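Since we're looking at a predicted model, the values are computed, not measured.
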Amino acid sequence: MNAIEVRNLVKRYGNFLALNDVTFNVKKGESFALLGPNGAGKTTFVRILSGQVKPTSGEVRVFGENTREFSKNVKKRLGVISHNTFLYDDLSAWENLGFYGKLYGVESLDKKIKEILSKMNLYERADDLVRNFSRGMKQRLAIARALLHSPDLVILDEPTAGLDIQSRMELFRLIDAIKAENRTIVFTTHNLEEVYRVCDVVAIMNKGQVLEITEVKESLDLKEYYLSLVEGS
């Protein structure tokens with residue numbers, strides 16, 4: 001069963017073609033990487049996938065529903081970590097998670113907030129305003145926000161940006177737990193090691209197109225494979 005179905009997806013910004021006739025599927029429970037240079041179209045795709053932006057043509061379906069007309073039920077099944085933290089600077093870390101937890105109808109909310117803040121090494125700063133957090137701390141809180149409601153589809157758009165070594169290790173432990181629960185992951189990155197660490201399948205993107213899709217195996221020389229495709233496109 002497919003969690004995501006992408007068909008002939010096109011996105012234009014004026015004369016700029018950000019996505020050019022993109023088609024692929026992501027199976028339920030799969031960890032799927034989008035790998036490509038800056039401007040390849042990865043973040044544009046993530047914004048369409050999460051319902052933040054509408055495509056120019058073509059479609060994306062998540063759990064069978066078109067992202068143009070996302071219902072609340074499908075939105076609740078998504079967790080998004082992106083360059084935008086979606087946090088409120090004038091609220092504390094606890095208040096931010098409390099707001100999102102109530103929005104998503106999370107049960108035993110106080111217990112889950114405490115657990116996720118502890119996992120992200122933020123519990124001691126739970127009552128501090130987010131405006132006083134460093135970039136790395138905001139990113140850790142954004143990860144906590146995205147995972148608080150145990151989403152079926154976790155979208156990670158370069159999630160390790162700004163994280164220190166310890167926070168990166170904790171993030172990967174959380175991702176391992178997500179994979180063990182057969183939830184679906186879409187992961188964008190520039191880091192080849194992160195693809196090996198996280199993903200089952202990788203799509204190589206450049207200039208708005210998916211060049212090739214392949215399984216991630218130890219026998220795959222991903223660096224050579226990636227460079228041969230991107231430099232030749």
Side-chain angles (χ1 to χ4, degrees), residues 3 28-29 31-32 43 46-47 49-52 62-63 65 67 70-189 194 197-199:
K28 183 180 178 181
S31 300
F32 190 93
T43 296
V46 163
R47 288 174 178 165
L49 178 64
S50 56
Q52 299 175 62
V62 178
F63 304 122
E65 191 166 306
T67 58
F70 259 175
S71 68
K72 290 182 179 179
N73 287 335
V74 171
K75 285 183 178 180
K76 286 183 178 181
R77 298 177 70 182
L78 271 60
V80 182
I81 302 165
S82 71
H83 304 290
N84 186 338
T85 63
F86 301 107
L87 299 172
Y88 295 95
D89 282 346
D90 292 331
L91 298 180
S92 70
W94 189 284
E95 288 170 335
N96 265 279
L97 296 187
F99 171 78
Y100 281 103
K102 290 175 183 176
L103 193 65
Y104 286 109
V106 176
E107 297 180 0
S108 304
L109 181 56
D110 286 351
K111 178 183 178 182
K112 290 190 176 180
I113 291 175
K114 183 177 180 179
E115 287 176 351
I116 196 93
L117 285 175
S118 297
K119 285 180 179 179
M120 298 313 298
N121 298 311
L122 288 172
Y123 184 66
E124 293 182 357
R125 302 291 300 272
D127 296 324
D128 291 356
L129 296 182
V130 168
R131 68 160 59 130
N132 298 321
F133 282 12
S134 67
R135 169 60 189 165
M137 291 172 65
K138 287 182 179 181
Q139 183 71 352
R140 281 185 279 157
L141 185 59
I143 293 167
R145 170 197 55 73
L147 300 181
L148 180 67
H149 60 295
S150 301
D152 294 317
L153 170 59
V154 181
I155 304 167
L156 304 109
D157 188 14
E158 299 182 21
T160 58
L163 296 184
D164 58 28
I165 294 174
Q166 185 177 359
S167 298
R168 287 179 75 253
M169 291 174 63
E170 186 55 54
L171 172 61
F172 288 132
R173 281 194 287 269
L174 289 170
I175 291 172
D176 287 341
I178 292 167
K179 293 175 68 174
E181 293 170 355
N182 201 39
R183 288 185 270 164
T184 308
I185 294 172
V186 172
F187 190 97
T188 79
T189 182
E194 291 180 353
R197 175 67 178 77
V198 173
C199 296

Between the side chains of Glu170 and Arg173, is the shortest nitrogen-to-carboxylate-oxygen separation below 4.0 Å, so that they form an ion pair?
yes

Considering all heavy atoms, the nearest Pro151-Leu78 contact
CB-C, 3.5 Å

Please check if atom NZ in Lys138 has more than 12 non-hydrogen atoms from other residues, nucleotides or ligands closer than 6.0 Å.
yes

Quick check against the 3.5 Å criterion: does Thr67 have a side-chain atom that pairs as donor or acceptor with the backbone of Gly51?
no

Under the side chain to side chain contact (heavy atoms under 4.5 Å, CB included) test against Ile143, which residue among Thr85, Leu171, Ile175 passes?
Leu171

With under 30° as parallel and over 60° as perpendicular, where do the rings of Tyr88 and Phe99 fit, or are they tilted in between?
perpendicular

Is it the case that the side chain of Thr184 and the backbone of Gly29 share a donor-acceptor pair, with hydrogens and angles ignored and the cut-off at 3.5 Å?
yes

Just wondering, are more than 12 heavy atoms of other shown residues or ligands nearer than 6.0 Å to CZ in Arg47?
no

Out of Tyr100, Trp94, Tyr123, which residue meets the side chain to side chain contact (heavy atoms under 4.5 Å, CB included) rule with Ile113?
Trp94

Distance-only, no hydrogens or angles: does the Ser134 side chain make a donor-acceptor pair with backbone N or O of Met137 under 3.5 Å?
yes

Gln52 side chain near Val80 side chain, heavy-atom distance below 4.5 Å:
yes

Quiz item: cation-pi between Arg145 and Phe86, 6.0 Å / 45°:
no

